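Have a look at the structure below, then the notes.
Computed from a predicted model, the values in this text were never measured in an experiment. The sequence lines fix the lettering, A, B, ..., with proteins before strands; numbering per chain opens at 1. Atom set for the values below is all heavy atoms of this structure, side chains included, hydrogens, waters and symmetry mates excluded.
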Amino acid sequence: MNSKSTNKSNFFKITIENIKRPEISALFAFIVVFIIFSIFGWDKNFVSLMGASTWINYAASVGLIAFPVGFLMIAGELDISVGAVLPASAMTLGILSGYYELPTWLGLILTLGMAFLVGLINGLIVTRTQVPSLIVTLATLFAVGGLTLTLAILFTDSTLVAYYAPDWAKYLFGTVYYGGFRSIVFWWLALTLIFFLFLHKSPWGNWVFATGGDLESARNAGIPTARLKIALFILCSVCTALAGICQVIQFNSAQSATNFALIFNTIISVVVGGVLLTGGFGTLIGIFFGTLTLAIVQQGINFTNIDRNLSNLIIGIMLLFAVFVNGSFQSLTSKVITSDGDDKDEKS
Amino acid sequence: MNSKSTNKSNFFKITIENIKRPEISALFAFIVVFIIFSIFGWDKNFVSLMGASTWINYAASVGLIAFPVGFLMIAGELDISVGAVLPASAMTLGILSGYYELPTWLGLILTLGMAFLVGLINGLIVTRTQVPSLIVTLATLFAVGGLTLTLAILFTDSTLVAYYAPDWAKYLFGTVYYGGFRSIVFWWLALTLIFFLFLHKSPWGNWVFATGGDLESARNAGIPTARLKIALFILCSVCTALAGICQVIQFNSAQSATNFALIFNTIISVVVGGVLLTGGFGTLIGIFFGTLTLAIVQQGINFTNIDRNLSNLIIGIMLLFAVFVNGSFQSLTSKVITSDGDDKDEKS
Amino acid sequence: KIKIAVIGGSANDGFWNIIKKGIDDAAEMVEANGGEVNYLRVPNYDNFGADLVTLVEQAIAQEVDGIASPVWVPDAQVPALKAAADKGITITMFNAGAQFKEELGALNYFGSDEYVAGVAGGQYLAKNGAKKIMCHIQVPGAVNLEARCQGVADGAAESGAETYILRVPANLDGDLAGTSEALKAEMIGDGNIDAIVTLAAWASDAASSAIDQLGKTDSVALGTFDMSPAVLDRISNGSQTFAIDQQPYLQGFLAVSTLFANLKFGTRIATQPVLTGPAIVDASNVDLAIAGVKLGAR
Amino acid sequence: MSENKTILELQGVHKSYGNIHALRDINLKVNEGEVLCLLGDNGAGKSTLIKILAGVHTPTKGQIFLDGKPKSFNRPKEAQELGIATVHQFGGTFPLMSIGRSFFAGVEPTIGWGPFRFFDRKTANRIAVESVQNFGITRIDDGDRKVGGLSGGERQSLAIARAVYFGARVLILDEPTAALGVKQSAHVLRIVNEAKKRGLAVIFITHQVMHALAVGDHFAVLIRGSVAADFKKGEKTREEITDLMAGGEDMSALEANIHA
Amino acid sequence: MSENKTILELQGVHKSYGNIHALRDINLKVNEGEVLCLLGDNGAGKSTLIKILAGVHTPTKGQIFLDGKPKSFNRPKEAQELGIATVHQFGGTFPLMSIGRSFFAGVEPTIGWGPFRFFDRKTANRIAVESVQNFGITRIDDGDRKVGGLSGGERQSLAIARAVYFGARVLILDEPTAALGVKQSAHVLRIVNEAKKRGLAVIFITHQVMHALAVGDHFAVLIRGSVAADFKKGEKTREEITDLMAGGEDMSALEANIHA
Ligand SMILES: Nc1ncnc2c1ncn2[C@@H]1O[C@H](COP(=O)(O)OP(=O)(O)OP(=O)(O)O)[C@@H](O)[C@H]1O
Ligand SMILES: Nc1ncnc2c1ncn2[C@@H]1O[C@H](COP(=O)(O)OP(=O)(O)OP(=O)(O)O)[C@@H](O)[C@H]1O
Ligand SMILES: [Mg+2]
Ligand SMILES: [Mg+2]
């Protein structure tokens, strides 16, 4: 036990001192699963442009949302309302520009505006009340979901709408490029760059970390924490809406059903990416690879002979493993003694 | 703004001083929704023994699990793996005693044993690593869910099994008594009493609050926090298994799909019941009424003429409303300044 | 005053919103004759058996005179509905569970069993030359979905076609991109797949996108349960083979109207059971369907 | 000394948290080039007072004057921009951030322009490290180190260094020496005096008479939220001050009592 | 004094957190009826040392003797059961719990028997309130009040009162007066002396020379993890002690320096 706790805090100390980076372990996790599936999926062309496009497309559709969700987590908040905002925005565009045949640009603006509003509501409630964001966004998840369904049926008599976007919109949001890559992939890559600069280079990035690190000190340091959080909630909804837009334009059709799965997928990506659930720490590249890792496991399984029903099991184990690697970063919050003491408790 | 922040902390101060109790506001929320639905559901006999039994039955099936989930939340942890443990235990009993016709008592023991194991795993990982319980149980949620599906298909090559239990088991776990009340209701009421004594009267209850209030101080005070948490995780899985057992015996059939809705329902019940998501505070009676509130909102809709599509919207709003009432208790964690400061940020 | 309770599927399920329209329309006729209809739907399919039985109990609590209900989980529902019947409540069935009509002494049955519908789909594809069919289940373990794919498999087997049931992880449910890529991956992995059956309109949106990403629009047949504007558009422009239409509108409408008529006027349809489907919508009859869909009735 | 120009002035300031009145009718002057020692029992209202000056709280009643002009700070930021830097009793650093980033949180130095104004890591680290080393904490030389790796004393020093660096006109320290060893405390006291020499006004809160006497030019004692005494250096003996700090009780009695 | 019987003894105790050696070869005696003042710079290893005695950490090397018999505390509980009560530097109370429950956390008094041994609220509250009032904090009279409602000083006192109550043989206080006002500090010092008179062994950590001198019979100074000096009351002058507390540096120079 002695040696144990020693090694442990030893490892921690190292992580503290030479600022070991979560993206390293996320990259590591990514490489591991990639190799695994390359082996098991070889004879089914997992390793091919087309093969790659499957999980990269998927990663893009999740990653677009995982980034802002990650920002919120670093700032100490959660947003699970994305599960309802995605279909809501897809339906909005579908109904406005598809069913009512409004010009696309107008439909786009109104859709983004709707998302903006949801984010604003989330942000205001979270910052003005003492209610934890998990609960606030859980409530908006249900509310927005229910509203989408009701309005869809009210306006179109159906829970699904078809929408064929004009070519320019198709090229921008929903077409397939060489090798089977979708427009959304380029959005994702572009945002990866922009968000990287935002989080790690711009002053605002610093604010995000400070806010999540110690809310009160951040405010005392003159950081407008509340406005920052509201902005992040809005960013989160708007990015989700962008994903929704890409979806409806790509698939020419939108559905109103709440997408609960998305909630889990984004959180998994972010945490596998090494962001601290308790806030204050994380990296963009980490989230990037976290998303890719999830995507490979989710899609790669289809290239193997493994029983598909096992994929959930594998996702679970992969998640544990990845978080295990990152777990150490918790210690940065000087929780060393904690874990150490805990072991003791068990021993007996 | 001044007056605002003043009133606010004023209210807080009051809550701190005369230990205002969350069960009061939970009871309040319950009464309000009850009245609302009594009015709108009058002509559909919402207020009748049979009518009551429908939402009380529902409350019992959620409440059985909400209690231990609440304990964990008070102790500063979350358990969302219940969504997989419920179908897993139902399927286990169904397959063992139904498909393979093992004696019921053996099936029961093995089922509870399986749940015990899952709880133990959750507890060990959470206490031995730095990984937050939300993620750990998210992982086990997927793992157990996938395993259930795989094994079900492997053994019975169907995802659904039928099981007709002997009478004694029926009486104990799955029959309908006068007024349409199910056996599970009595389990729930019994556990309400036992758990009340546990949380508020026994020394262990004190440990739960202390552990959630300040983990390190609790350990230094000599409380075996790790073992306590492990025990609570086990309790949670076992209670979930009990609910699963009641279900399969009541309905003669088990389904293997992961029950994501249950996760949300238990968390909602607990939080509406006034338990602090951040841990350290909550009451059993609060959870009790929180569950009843959820149950009425979920089931009461069917006794009204409200368009069914609106149900999710209403649940969302009700949830926000209920949490608002309790939100104030967050302040007990001396976050007064925080909220106060936040307002300021927004103002500009 | 005659009260009728109708038990149905989740609000998130597009299929059931069409049934709902049938019910709502019938409800107007019912109300015109001084009756009342209450539509009870399960919140989701996560806890099917229990939720369905709870709804039956609610109907009983509401002292209705008749219940119209599908039977998905017989072991759970049949006893509950029997209990209702014993209380003198008239039962009529629709959408699923035809084989329990006698046991329940139900008034009649309207619908095409999920399984039967699956069989029809399987046969259609096999007849049109499909050798290997992939049947996609978005919520593994969900009873009604499993039944559909089982049907597809059996139906295809009759004509010697092989069926591969793909159960994607539940965390892809409703995820167009994820599902589309998953199906694409399967097709990349197994070039022999020459037909896909999806169990929801949105899933076939995903499937078709996957198919034309691989440029296999001509070589891979696509069939789906349920219809949506997009589905029908594809059928008419040839990028999708067919949609299995159980004519949910009729199921809801007939179940409610005939049940009420029986209770109020004592009328009774001689034909039993009444099969509303499966009707296969393909290029030949798509135009009519489109009109219906626009009105939310198909 | 009393000729020193007044920077901050409070007139009839009240602050109540709901039904408890933390501050009652506070009148106080803060002069440049002068150290104001704010003394008082636990719960006397010291932190509340400086939180008002730091813009964390707004007074329930009363006025604050800056250079004679009425001012109201609605947010910490505003106070900062007017050159008032504060080290609060708790927190003040970010365990998971690098020393440089933590030091400049909220006032990041940037290079580039327009949307491309990026955080200037080099400068930030250099300044941060320099300022901390001024406190005799020479072990800290890498601005990229995580604050979480520092000892309590080191962290405290980092927070103070930050305030000193940004305290253009007024420097407020709430019990800065509480967690510090004698050496670090001495450093802090030295810094305070240097700041004073540079013409800053310093507000210094402490429970240690020795520290108060070591730097204070001007003493204000709070008892149950109101100013019980306000005097210049040398006007009162150490014993008198001690008694006042104890909320007016006779400490000598108590001190005797210790060995009784 | 030195005839006093030794309760606790450390022999060659080492403790390292990974690659930093917080404690090196510590040899120390704690005698009953005696106050041992543990002095030292920030990061010297004081808290680490008492955490070992409190059973929070286990030493990497070395032995602990209780009444001459080798003992190893694997968990805080074990140390407690042997009558060693500790007030750690941080925390120690539970904001959301009642005073009574917080006071008895982990060692709840019960009435009834078997599975029906219930928490004895009345007794708990009575004892808790009494013990706290001993500290001159008479405002606290209701044991059901939430700890969250108390001032920092009041909370600290509550934590100390708890230790005093359970400290059957050894009482360990880690910087108990850091956050306290002079009055409260005086009370703490009084309590320490009373405990000593009752024959308890007290380990007292502080950064304030005055407090050390006020109660200490026996002084141990840690510098960078090892015992630099170990002497009895009166063997060294205040200046010498101050220098040692500063990690061996010449404070007088520094102190001069303050006004330089
Ligand atoms: N956010 C708050 N909400 C309610 N009451 C508060 C709050 N902050 C302080 N108080 C109360 O106001 C009074 C003054 O508190 P303050 O922190 O200013 O005292 P202090 O002089 O700083 O004490 P210490 O020397 O212990 O730091 C105390 O009675 C305290 O309980
Ligand atoms: N949990 C831990 N993990 C890693 N290093 C630690 C841990 N706790 C303390 N240390 C290191 O051990 C050394 C001694 O710490 P300790 O807290 O014992 O000092 P101290 O004498 O109590 O200082 P202070 O007077 O500031 O309380 C310090 O260098 C500190 O950084
Ligand atoms: Mg203070
Ligand atoms: Mg210490």
> In terms of heavy-atom pairs under 4.5 Å with chain A, which of D/K77, D/R101, D/R117, D/H88 leads?
Replying inline: D/R101

> Taking D/F118, D/F119, D/F94 one by one, which has the highest count of heavy-atom pairs under 4.5 Å against chain A?
Replying inline: D/F94

> With sequence neighbours left out, what residues match D/F103 under ring pair (Phe, Tyr, Trp, His ring centres under 6.0 Å)?
Replying inline: D/Y165

> Using a heavy-atom distance cut-off of less than 4.5 Å, which residues of residues 195-205 of chain A contact chain D?
Replying inline: A/L197, A/H200, A/K201, A/S202, A/P203

> Do D/M97 and A/N206 touch side chain to side chain, with heavy atoms closer than 4.5 Å?
Replying inline: yes

> Just wondering, more than 12 heavy atoms not from D/F116 lying within 6.0 Å of its CZ?
Replying inline: no

> If every non-hydrogen atom of A/A210 is compared with every non-hydrogen atom of D/A105, which pair is closest and at what distance?
Replying inline: CB-CB, 4.4 Å

>> Return the CG to CD distance between A/N220 and D/Q80, rounded to the nearest 0.5 Å.
In response: 9.0 Å

> Can you find a heavy atom in the side chain of A/D214 that is under 4.5 Å from one in the side chain of D/T93?
Replying inline: no

Let me check something: any side-chain donor-acceptor pairs from residues 66-80 of chain A under 3.5 Å, sequence neighbours excluded? List them with distances.
residue : atom : partner : partner atom : Å
A/E77   : OE1  : A/S133  : OG           : 2.6
A/E77   : OE2  : A/K229  : NZ           : 2.8
A/D79   : OD1  : A/S81   : N            : 2.8
A/D79   : OD1  : A/S81   : OG           : 2.6

> What pairs meet the salt bridge (charged side-chain N to carboxylate O under 4.0 Å, His left out) rule with one or both residues in residues 118-127 of chain D, with sequence neighbours excluded?
Replying inline: D/R121-D/D144, D/R126-D/E130

> Heavy-atom distance under 4.5 Å to chain A: side chain of D/S102, backbone, both or neither?
Replying inline: neither

